[in-house]
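Bear in mind the structure is a predicted one, so any value in this text is a computation, not a measurement.
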Amino acid sequence: MAGSVTERDADGYRSLLFSIAYGMTGSVGDAEDIVQDAFLGLTRARRAGAPVANLKAYLTTSVTRLGINYLSSARVRRETYVGDWLPEPVVVSADRPGPAEHAELSDSLSMAFLVLLEALAPVERAVFVLREVFGYGYPEVAGLTGKSEANCRQIFARARKRIAPGGQVADVAPPPPVRRAEGEELARRFFEAAEGGDMDALLDMLAPDVVFHGDGGGKARALAKSVTEPRSIAQLLVGGLRRVGRLGALLEVVRVNGRPGGVIHDAEGRVASVIGLDIADGRIRAIRAVSNPDKLDHLGPVSDIGRLPERRPADQ
């Protein structure tokens with residue numbers, strides 16, 4: 001009986017472990033792999049007769065250190081990434097909850113915040129995520145990362161200065177319910193205007209300093225670089241949605257990492273793109289569109305309507 005309770009208790013930490021791993025990697029698939037590896041490590045430790053006095057500490061430490069190892073190798077891949085890099089989106093329906101761990105995570109880490117974290121070295125990111133997002137004390141962070149408490153304080157201060165020179169890290173806390181409802185309503189009106197080609201309505205909802213980021217990873221149609229002029233962004237959205245609309249695609253308003261957004265499905269219901277919106281003061285400040293099929297397959301079958309032809313060796 002005690003063994004079964006222990007297993008249940010361990011599984012109860014899965015949501016927290018996934019959240020930490022995703023905060024460190026920005027990848028849903030890799031976060032799930034890291035959590036699975038941590039559980040496999042626990043199983044091996046038990047079979048070897050190793051004492052595991054604190055399950056939560058054991059699993060969290062495993063996930064943290066596996067995440068640091070992952071980031072050390074991922075940095076090389078990110079340096080050769082084609083175009084803008086955006087995190088794999090966590091999508092939750094605006095009308096119904098998604099998987100428990102995804103729903104909890106989506107209120108903690110926005111796409112904008114995850115992009116900021118890309119500026120940090122692996123250990124910096126681990127320390128910063130554990131301290132800033134999950135509220136661990138420095139003694140706990142030290143134990144999880146294998147660094148001294150004094151070192152963790154220095155690492156955190158350095159990381160905070162790198163990504164928030166003014167001292168304020170935005171977009172970590174989830175929006176309150178009222179603001180979330182207002183954001184979802186703005187997202188609905190925004191996407192309706194884009195699908196209907198209403199330029200005036202779009203421009204009225206875009207902030208003057210709005211920016212559009214697209215991530216195709218060299219595998220799907222996407223912007224070569226960010227776009228910053230409101231009218232250009234409005235034209236881009238209208239043209240893009242009209243093109244996929246002619247192919248039978250539909251757009252559904254969803255929550256993307258806890259913020260308003262939309263997911264485009266093709267005529268067969270496959271995912272073609274995910275669009276996240278950053279909203280402040282009643283206007284859209286940033287738009288992030290992920291169409292790289294590798295970053296969408298955790299959401300289900302992926303569409304090929306925007307996929308680029310694979311490059312042959314002779315073309316490279």
Side-chain angles (χ1 to χ4, degrees), residues 13-42 56-90 101 105 108-165 167 169-172 213 215 217 257 288 290 292 294-295 298:
Y13 298 127
R14 192 175 293 273
S15 175
L16 171 65
L17 300 172
F18 173 83
S19 299
I20 292 173
Y22 179 75
M24 291 182 65
T25 65
S27 166
V28 173
D30 289 322
E32 291 173 341
D33 288 344
I34 285 172
V35 172
Q36 187 61 30
D37 286 346
F39 274 92
L40 289 174
L42 174 63
K56 182 179 179 181
Y58 181 93
L59 290 168
T60 308
T61 300
S62 296
V63 163
T64 299
R65 299 188 185 184
L66 287 167
I68 291 172
N69 292 339
Y70 165 91
L71 288 172
S72 298
S73 60
R75 288 178 71 86
V76 176
R77 298 196 301 272
R78 301 276 167 83
E79 289 170 0
T80 59
Y81 195 79
V82 178
D84 277 355
W85 179 92
L86 293 174
E88 291 181 12
V90 174
E101 67 270 23
L105 175 276
S108 305
L109 295 163
S110 69
M111 293 184 76
F113 183 62
L114 289 168
V115 171
L116 283 178
L117 294 180
E118 285 295 296
L120 302 180
V123 175
E124 285 180 326
R125 183 160 179 166
V127 169
F128 194 80
V129 166
L130 292 169
R131 176 70 180 153
E132 182 75 16
V133 180
F134 297 98
Y136 282 101
Y138 286 111
E140 294 172 295
V141 175
L144 294 173
T145 59
K147 304 293 180 182
S148 71
E149 183 178 340
N151 196 8
C152 286
R153 290 180 183 274
Q154 294 173 344
I155 291 170
F156 179 79
R158 184 170 65 243
R160 191 179 186 90
K161 186 175 181 180
R162 288 184 66 182
I163 68 173
V169 180
D171 232 11
V172 177
H213 303 279
D215 180 348
N257 290 56
R288 294 179 174 84
V290 180
N292 182 345
D294 294 344
K295 295 186 177 184
H298 65 282

Identify which one of I20, L16, D37 satisfies the side chain to side chain contact (heavy atoms under 4.5 Å, CB included) criterion when paired with V63. I20
Can you check whether W85's main-chain N or O pairs, donor with acceptor, with H213's side chain at less than 3.5 Å? no
Can you see which heavy atom on F18 is nearest to which on V28, and at what distance? CE1-O, 3.9 Å
Does any N or O in the side chain of T60 come within less than 3.5 Å of the main-chain N or O of A57, such that one atom is a donor and the other an acceptor? no
Which atom pair, heavy atoms only, marks the closest approach of P139 to E149? CG-OE1, 3.7 Å
At what distance, to the nearest 0.5 angstrom, does CG of L109 lie from CG of L116? 11.5 Å
Taking all non-hydrogen atoms of both residues, which atom of E88 and which atom of G29 are closest, and how far apart? OE1-N, 3.3 Å
Residues passing the side-chain hydrogen bond (donor to acceptor under 3.5 Å, both in side chains) test with N292, sequence neighbours excluded, are Y81
Is the shortest side-chain heavy-atom distance between R153 and S148 below 4.5 Å? no
Distance-only, no hydrogens or angles: does the R162 side chain make a donor-acceptor pair with backbone N or O of A119 under 3.5 Å? yes
Distance check, rounded to the nearest 0.5 Å: T64 atom OG1 versus L144 atom CG? 4.5 Å
With sequence neighbours left out, write down each residue that passes side-chain contact (heavy atoms from CB on, under 4.5 Å) with A159, or none if nothing qualifies. L120, E124, F128
Could you measure the distance from the CD1 atom of I163 to the CZ atom of F113? Nearest 0.5 Å is fine. 5.0 Å
Measure the shortest side-chain to side-chain distance between F156 and V141 over non-hydrogen atoms and say whether it is less than 4.5 angstrom. no
Using every non-hydrogen atom in the two residues, find where L86 and M111 come nearest and quote the distance to one decimal. CB-CE, 4.3 Å
Answer yes or no: is there a donor N or O on one side and an acceptor on the other, between the side chain of K295 and the main chain of D215, under 3.5 Å? no
To the nearest 0.5 Å, tell me how far I34 CD1 sits from I68 CD1. 10.5 Å
Of all the heavy-atom pairs spanning V290 and P87, show the shortest one and how long it is. CG2-O, 3.9 Å
Nearest-0.5 Å distance, CD of residue E140 to NZ of residue K56: 7.5 Å
What residues form a ring pair (Phe, Tyr, Trp, His ring centres under 6.0 Å) with Y58, not counting sequence neighbours? none
Indicate yes or no for a side-chain donor-acceptor contact from Y70 to the backbone of A31 under 3.5 Å, with no hydrogens or angles considered. no
Tell me, do Q36 and R14 make a side-chain contact under 4.5 Å, heavy atoms counted? yes
Aromatic plane relationship, Y136 with F134 - under 30° parallel, 30 to 60° tilted, over 60° perpendicular: tilted
Nearest atoms (heavy-atom pairs only) where A126 meets T145: CB-CG2, 4.4 Å
CE-CZ distance between M24 and R125, expressed to the nearest 0.5 angstrom: 8.0 Å
